Structures are given as structure tokens and as C-alpha cells.
Amino acid sequence: MTTTSEPARPRTSAPAAEHRTRFFDHCIPSLYAGRYRIDNRQILKDVDGSDRTVDATPQPFDVVQPRFRFDPTGINAQFPVPDAVGAYSLTLAHINLDAPGLPWNRSLGPGQPGAVPWMALLLFREDELPEDPEAVGLVIVGSVRELLDGTHGPGTVPVIAPESMRPDEYDEQCATIHVPAAVFDAVKPLPSEMGYLAHLREGGRPDATRSGDDPEPDEGELNAVLVANRFPAATGGRHVAHLVSLEGHDRYLTEPAPTNGVRLVSLTSWSFTTEATSGVGFGDRAQHLATADGTTARPADELRLRVPVQGPSNPAGPQKEALDRMAGGAVALPQRLESGERTLAFYRGPLTAQPAQPLPDPSAGPEGRLDSPGEALVYVQQYGVFDTSYAAAFTAGRTLALADAEFRTALLEFRSAARSAARRLASHPELASRVATTLTARQLTAPLAYEAFDRLLINGDGAEGPGGSARLTQALGQAGPQLRTGHRRTAVRARRTTGDVRAVLTQPGVASLLTRAAGTEFDKVTGWLDALRRLEPLDLAHLVPDGRALPEESIRFAYVDPAWVRAAVDGALSVGVGHALDADLNALATGGGPVPKCAVLINSSLVPNWPNTIVTAHAGPDVVTPVRDAVYGTEMRLLLYPAVIDRFELAEPPRGLCFGIGDVGTIELREITGDRIGHPMGEFPPAEARSDIFGRFARFLRPGGHDVLNVDGAGDALLPALSQAHGVSRISSAQFALQMINAPQAQTFSRP
């Protein structure tokens with residue numbers, strides 16, 4: 001089957017049920033957390049006309065919000081999940097908080113804009129934190145007073161104005177970490193970046209996806225999301241994520257950290273392990289199936305199931321004959337003739353690179369079936385070679401049937417039951433006349449003596465009882481006189497011939513009646529033959545006779561030859577055929593399920609490493625469900641479809657909403673305005689051959705080799721580049737989050 005391919009991209013297929021997800025920039029409170037005082041002054045006119053000032057008693061009050069710790073039950077989600085193990089080198093860790101205003105409920109520091117949160121999510125690797133060298137989440141726990149006094153350990157403590165502290169806050173317990181100066185300077189976010197690493201997410205009801213429906217945010221559905229600015233190490237290892245308070249450390253975000261490092265309040269933390277990766281992920285694997293260099297689609301001929309052959313530009317004669325057969329998926333194999341001579345023959349399995357021609361009429365028996373493999377041999381007389389494909393199919397079907405004792409037994413018992421029923425019809429014309437009316441399968445299988453005795457008990461019209469004498473009573477009453485007069489009834493045995501029985505099979509309704517008479521044995525036979533039509537008993541060597549047709553890391557499309565499958569079915573039914581009647585009865589079992597029309601074969605590490613890969617096939621606008629989905633060995637997957645498909649898609653297994661870049665080193669630009677917000681616009685930056693896991697996206701990393709994202713710093717920063725790609729001066733925090741969604745990758749193959 002001819003296909004073209006498109007580069008891997010994030011999956012954009014519409015889900016079965018749509019749910020609205022909206023992003024918002026921030027949630028700035030009308031009053032920050034802190035200590036306040038209400039002063040009330042009244043000015044009254046005295047009797048002499050002068051002003052008299054009356055000062056009321058000051059009313060202090062506090063806006064209380066978490067500062068040094070918060071309830072861990074307020075964490076909605078973390079990604080990667082705590083203690084997870086997986087390939088996360090291209091993913092930015094994030095935390096989802098139930099309290100939507102928590103990151104913005106206090107100011108980071110004097111002069112900082114309200115959109116800048118006071119907390120950030122920092123990611124550390126093994127041997128970066130002196131107090132937690134294995135990155136398992138160890139912290140120092142003590143009171144806030146001990147922290148501010150410097151008794152938690154080394155590192156500059158936050159500078160917090162005493163007047164902003166409530167008395168009870170000093171006795172609160174808090175967790176802290178010591179971050180060396182070099183590490184802090186490498187991973188710290190700039191204040192201008194912090195607002196882009198935090199946003200609000202709303203997941204609402206499904207019916208909110210209607211065009212033009214843009215209701216106000218639902219407070220109950222809002223969550224605050226903070227995203228780390230650092231990728232886990234490509235070499236793998238343990239990592240720990242800390243949600244830290246940067247209050248009192250804001251000056252060190254824009255200038256070097258003190259030489260003794262900083263001591264940060266850790267509001268929560270979790271650790272996970274990322275596996276070592278070469279950067280070859282689902283997107284890379286899927287893209288390699290479709291392209292040779294990451295951008296140029298493989299030619300259609302390269303995606304057909306056949307051995308690639310280099311031939312002359314204008315072949316003729318035997319060269320053309322050989323190339324044409326190999327173009328259809330055949331391979332040349334040595335053959336030994338019955339006379340002992342050695343020659344060459346062509347063979348292919350049921351899967352073809354081109355639609356197969358129907359079997360020529362002379363190769364089939366008079367009833368349209370094959371009775372031996374010799375009948376299925378195709379002889380190319382002009383060149384003196386055989387095509388053994390159909391003969392091999394017949395032999396394969398026969399061999400598989402002989403090897404399956406259950407099927408072999410069911411086949412023989414089915415024929416025995418159907419043969420007995422057919423002979424009874426041929427021997428008893430009165431039964432044959434009732435085939436289309438009242439005859440049942442039981443009447444063909446139960447002993448006739450039982451039925452004859454039942455008829456003796458009733459009248460000729462079926463009546464029974466005292467109203468009339470039964471036939472048995474009449475027969476016994478007449479027996480004496482008849483015997484005394486010497487009368488004797490002589491039974492005339494019906495003459496049966498095989499020809500008569502075979503003729504019965506042509507009567508309307510007989511075929512259905514015989515299959516019912518065979519009962520469950522017939523069902524076993526047809527079920528096994530349907531499995532053969534789905535190629536289930538065949539091993540991979542029958543389907544792909546030459547491994548060069550399906551090399552490593554490849555995908556191939558093929559047609560299914562119904563004539564090959566029919567030859568295999570005929571071979572299976574040839575077991576135990578003793579005479580022409582058995583061969584005729586085989587025809588009752590050949591009307592099973594349909595033969596698949598096309599196949600997709602995948603030989604790739606995608607099969608074992610992503611076992612839940614989603615495959616979707618289309619024939620026109622309709623989705624086609626495979627009739628069979630099987631894995632051979634560990635890395636080969638076969639899908640059979642009931643119709644010739646036009647489009648085939650491999651999609652990465654679904655996962656929770658996360659942030660990062662795709663396996664091919666890009667992100668997906670998404671619409672940020674209009675009624676198509678979130679719809680894909682293409683890859684950014686354009687894909688290219690990669691030298692490391694980040695590819696062209698490496699330009700947006702800070703220098704120093706710490707894999708920290710340069711959101712809005714000096715040099716080539718991501719935020720200005722994304723803004724330019726969208727043609728705006730500066731995208732918002734919510735729009736930035738929309739661009740950084742790491743959607744599952746998908747690869748599409750299309751039939752021209």
C-alpha cells in the first residue's frame with residue numbers, strides 16, 4: 001500500500017469528550033498578606049466654628065497567609081510524581097496547588113511587580129545540595145526564630161523586616177535547605193522570569209468549549225501552577241524539587257549570591273529518578289519511521305512490504321518478470337522439483353506490496369476449490385520458473401490443521417455428522433420434502449426408529465387419545481388376521497448412491513440444516529478457519545519471508561491477498577477428505593468471516609518501550625478498527641484492517657498535562673488569540689538533525705551546562721523568540737504556559 005509520511009508532531013486528534021482548560025496569568029490579591037492598622041480620624045466643628053480633631057483608637061489586623069510552611073493537603077498534583085522513575089530529561093517539573101492565590105499573596109520584595117510570585121520551584125541534582133547529596137529530599141527542620149538567628153546551618157538567611165512578623169510566627173516550625181552560591185546562581189530564576197514560571201489553570205465543565213463561551217473564571221476550578229526552569233539531567237539520576245520561598249532573598253536574584261550560599265525555606269519537596277537517555281524518545285522513533293533525516297518524508301516505495309532491489313532503468317524479458325514479481329513482494333528462493341532437479345522459484349506470503357491478481361480459473365478445481373498444492377502452482381512457461389506462493393499457502397494450511405488436534409478432530413466429526421444427515425435426506429424422500437418447512441436438525445440426527453415408534457402412537461393426522469384408535473392399536477388388532485391369512489409386509493430398502501447424496505446438497509436450505517446438525521463441531525471448525533483468515537496461526541516467516549523487507553526501525557504497509565488466504569483455507573480443509581462427498585461438505589465451512597484488506601507492520605523499539613502506543617487508522621472520514629493487533633517476538637507489531645486505509649497515526653500514550661519540549665527537540669506553537677486558542681500552528685523552532693537531546697532548542701538554555709531554561713535573560717532568550725513568532729511585543733504568562741505544554745507526540749502516514 002502506497003503511503004507518504006509527515007514529520008512527528010504533537011497529537012492533535014480531537015478527544016472523545018472535550019473539556020475546557022484555560023490558563024490565566026496570575027491572581028494578585030487586593031491586600032497582600034501582612035500586618036496592617038486601621039487609623040480612624042474625625043474632624044468636627046466646634047461651637048465656636050473651629051475644627052476639632054478626634055482620633056479613634058487604632059485597630060490593628062493581620063492578613064494571615066502561609067509564609068514558612070503550608071498544609072501539604074493543599075497540593076493538587078506534582079509532576080513527575082514523587083518517587084517516579086522514567087525518562088524526564090525533556091520535562092520541566094511542576095507543582096499544582098489548590099489555593100490559586102498562594103504564589104501571589106505577598107510581595108517578593110520592595111519594588112517588585114505584583115505579578116512576580118514570592119515562591120519558585122527549583123530543581124537540584126545529586127551532589128548539589130551539601131545537606132542532601134543523594135537528592136532524596138533531606139531538609140533541616142527548626143523554628144522560624146532559629147532560622148532567622150542563623151542556627152539552622154550555613155547559608156545567608158532571608159532578610160525579613162521584624163515589623164512584618166507576627167509573634168506566633170517565630171515559634172512555627174519550618175524546613176530549610178542550604179544552596180551553595182554557585183548552584184544558586186546557576187539555577188535561580190530572574191524576577192522577570194518568575195511571573196512566567198507561574199500561572200493559573202482552570203479545568204471546567206465540558207459544555208464550556210462552545211465558540212464564544214468565555215465565562216469568568218470559576219474560583220472552585222482554579223489552581224496555581226509553578227514550573228521549574230531546569231531540565232533533569234540527560235545522564236539520568238536522582239533529582240529533588242523544592243518549592244522555596246524567595247522572600248528576603250530577592251536581591252540575590254539579580255546579583256551574585258553570597259559566598260556562603262543561601263538558606264532557603266522549603267515549603268515542600270519531592271524527589272524522582274530520571275533514566276539516562278540519548279534523547280531518542282517516542283517522537284524520534286516515530287519520526288525515523290517516516291523520515292530519513294527528520295524533515296524529508298520517505299518515498300512511498302520505501303514504505304511498501306518488499307525487498308528493495310536495484311535494477312536496470314529499462315528492464316525487459318526475464319529481468320522485467322523478476323523485478324515485477326519482487327515489486328509485488330515476492331522473493332526468489334531455491335526450489336527442488338519432484339524429478340530432483342534444482343531451479344529457482346518465486347514465493348510471497350499473504351501480504352503484498354501491490355494488489356494481487358485473482359487466481360486464474362485453470363488453477364482451481366471444478367467447484368472453485370483447490371484439492372492439492374500442485375493445482376496451485378503457477379508456472380511461467382516463457383521463462384521456465386514457478387511461483388509457489390499459492391501452493392505454499394495450501395501446504396501451510398494443511399500443515400497447521402494436521403498440527404492442531406482439536407481442529408482436526410472437530411473437522412472429522414463435523415463431516416461425519418453432516419454426511420450422516422445428508423445420507424438420511426437422500427434415503428428418505430419424505431424428509432427431503434420437509435427441509436424448507438418443518439424439518440429440524442434433531443430429526444436428521446436422532447435414530448429413525450424412535451421417530452417411527454412415535455408415529456405409531458398417534459393417528460395419521462397427529463391426533464391421540466380416546467377419540468380415536470392409535471396406529472399402534474390398529475396395527476396390533478390387524479396383525480392376527482393378516483398373519484393367519486399368510487400376509488406379510490416386506491420392507492423395501494431404499495437404494496442410496498453417493499451421487500444421490502451430493503445432489504441433496506444442492507437443494508435450498510440443506511446447507512444451513514446440515515451445519516446445524518453438526519452442532520458445536522461446525523462452530524469450532526469455522527472459528528479456527530476465521531483465525532486462519534486473520535493469519536493468526538501463521539508465523540512471521542510466512543508473512544515476511546525475507547527480513548530485508550522489514551528491517552529494524554521500519555514501518556511497512558501491505559495489501560492482503562484473499563486468494564492466498566483461500567488457498568490456505570483449502571489446504572486446512574483437505575485433511576481427512578476420503579471422497580467427493582467430503583470435499584462437497586467442506587464448502588459448508590468456507591463461508592466464514594471476511595479476509596482483511598490491508599496490513600501495517602512495525603519493526604521498532606516503539607513496540608516494547610511504548611506498549612500503550614495509540615494507533616488510529618482512517619478510511620476516508622471513518623475510523624477503521626483493526627480486526628487483529630498482534631506482537632511477534634518483542635519488537636514487531638502487526639495490525640490487520642477490514643478496509644484499505646488512507647491514513648495511519650502512531651500517537652504517544654496519553655499522560656497528564658506537563659511542560660517541556662518534545663522528543664524531536666521542539667515545542668508546538670499554539671494559537672493565543674481568537675476562537676481557536678490552543679490550536680497547533682507548527683513546530684518551534686523548525687526541526688533539524690540533532691547533536692544532543694535538545695537540538696535547536698539548546699539555544700534557549702543558559703550557558704554553563706546546567707540545562708536551565710533562559711526564559712528572559714541575556715542572550716538568546718525564549719520569551720522574546722516566542723513573542724516574535726506570534727507577532728506580538730510580549731506574550732503573557734498564560735500564553736507562555738500554553739506554548740510550553742509538552743503534548744504527546746504523534747506521527748501520521750497518509751496514502752496519496
Side-chain angles (χ1 to χ4, degrees), residues 10 22-28 90-95 103-104 108-109 111-123 185-201 224-231 246 250 252-255 657-662 665-674 677-688 694-743:
R22 294 192 297 175
F23 297 93
F24 299 93
D25 295 332
H26 40 63
C27 181
I28 301 175
L90 298 175
T91 301
L92 297 173
H94 77 267
I95 186 169
W104 300 274
L108 173 64
Q112 295 292 348
V116 178
W118 59 278
M119 57 176 63
L121 186 64
L122 302 183
L123 185 69
D185 287 338
V187 304
K188 66 186 180 185
L190 299 174
S192 61
E193 296 176 332
M194 292 176 63
Y196 286 89
L197 296 171
H199 62 272
L200 295 174
R201 182 191 304 170
V225 181
L226 293 105
V227 183
N229 65 341
R230 188 184 191 188
F231 293 97
L246 293 175
D250 54 294
Y252 301 126
L253 298 178
T254 54
E255 60 184 59
L657 191 63
C658 59
F659 303 90
I661 64 176
T666 62
I667 62 174
E668 180 76 14
L669 283 182
R670 293 179 175 85
E671 297 278 1
I672 60 175
T673 58
I677 293 178
H679 283 253
M681 299 172 56
E683 291 180 292
F684 173 86
E688 65 173 6
F694 293 107
R696 188 172 293 184
F697 205 84
R699 61 185 262 211
F700 300 123
L701 299 180
R702 292 181 187 174
H706 295 278
D707 300 331
V708 176
L709 191 62
N710 182 12
V711 178
D712 195 28
D716 200 352
L718 178 58
L719 184 61
L722 287 175
S723 301
Q724 182 179 5
H726 283 285
V728 297
S729 59
R730 195 172 183 85
I731 62 175
S732 69
S733 172
Q735 293 167 344
F736 179 79
L738 190 62
Q739 310 308 307
M740 295 304 296
I741 293 175
N742 191 355

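All residue numbers refer to positions in the sequence shown, counting from 1. Predicted model only: the values in this text are computed from it and were never measured.
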Which atom names give the shortest non-hydrogen contact between I667 and G660, and what distance separates them? CG2-O, 3.6 Å
From L92 CG over to L709 CG, what is the distance, rounded to the nearest 0.5 angstrom? 6.0 Å
Contacts of type salt bridge (Lys or Arg N to Asp or Glu O under 4.0 Å), residue D250, not counting sequence neighbours: none
Measure the OG1-CE distance between T91 and M740 for me, rounded to the nearest 0.5 Å. 10.0 Å
Between the side chain of N229 and the main-chain N/O of V187, is any donor-acceptor distance below 3.5 Å? yes
Test R230 against D707 for salt bridge (Lys or Arg N to Asp or Glu O under 4.0 Å), laying out the working first. CA-CA 6 Å; R230 188 184 191 188; D707 300 331; over 6 Å; no
Exercise: identify the closest heavy-atom pair between L253 and P191: CB-CD, 3.8 Å
Rounded to the nearest 0.5 Å, what separation is found between the CG atom of L90 and the CZ atom of F231? 7.0 Å
Under 3.5 Å donor-acceptor, R670 side chain and L738 backbone: yes
The reported gap from CD in Q724 to OG in S729 (rounded to nearest 0.5 angstrom) is 12.0 Å
Closest non-hydrogen atoms of P680 and E668, given as atom of the first, atom of the second and distance, are CB-OE2, 2.7 Å
How far apart are the closest heavy atoms of L246 and L108, and which atoms are they? O-CD1, 3.5 Å
Would you check if H26 and S733 make a side-chain contact, meaning some heavy-atom pair closer than 4.5 Å? no
Test item: M681 and E671 side chains (from C-beta on) under 4.5 Å apart, heavy atoms: yes
Can you confirm whether F697 sits close enough to T666 that some side-chain heavy atom of one is under 4.5 Å from a side-chain heavy atom of the other? no
Do L197 and V711 have side-chain heavy atoms sitting under 4.5 Å apart? yes
Given the options W104, F24, F736, F659, H199 meets ring-ring contact (aromatic ring centres under 6.0 Å, His included) only with F659
Determine, for E193 against R702, whether the closest basic-nitrogen to carboxylate-oxygen distance falls under 4.0 angstrom. yes
For H726 and Q739, test the side chains for any donor-to-acceptor distance below 3.5 angstrom and give the result as yes or no. yes
Heavy-atom side-chain contact between L718 and L722 under 4.5 Å: yes
Please report the shortest heavy-atom distance between A717 and D712, naming the atom on each side. CB-CA, 3.9 Å
Do you know which of L122, V708, V116 makes side chain to side chain contact (heavy atoms under 4.5 Å, CB included) with P189? L122
When rounded to the nearest 0.5 Å, the distance separating CD of Q735 from CZ of F23 is 12.0 Å
Those residues at least two apart in sequence (or on a different chain) that pass ring-ring contact (aromatic ring centres under 6.0 Å, His included) with Y252 are none
Those residues that, when tested against D185, pass salt bridge (Lys or Arg N to Asp or Glu O under 4.0 Å) (two or more places apart): K188
What's the separation between atom OG in S723 and atom CD1 in I672, rounded to the nearest 0.5 Å? 8.0 Å
Are the side chain of Y196 and the backbone of I731 linked by a donor-acceptor contact shorter than 3.5 Å? yes
Could you report the tightest heavy-atom contact between A721 and R699, atom names first, then the distance? CB-NH2, 4.4 Å
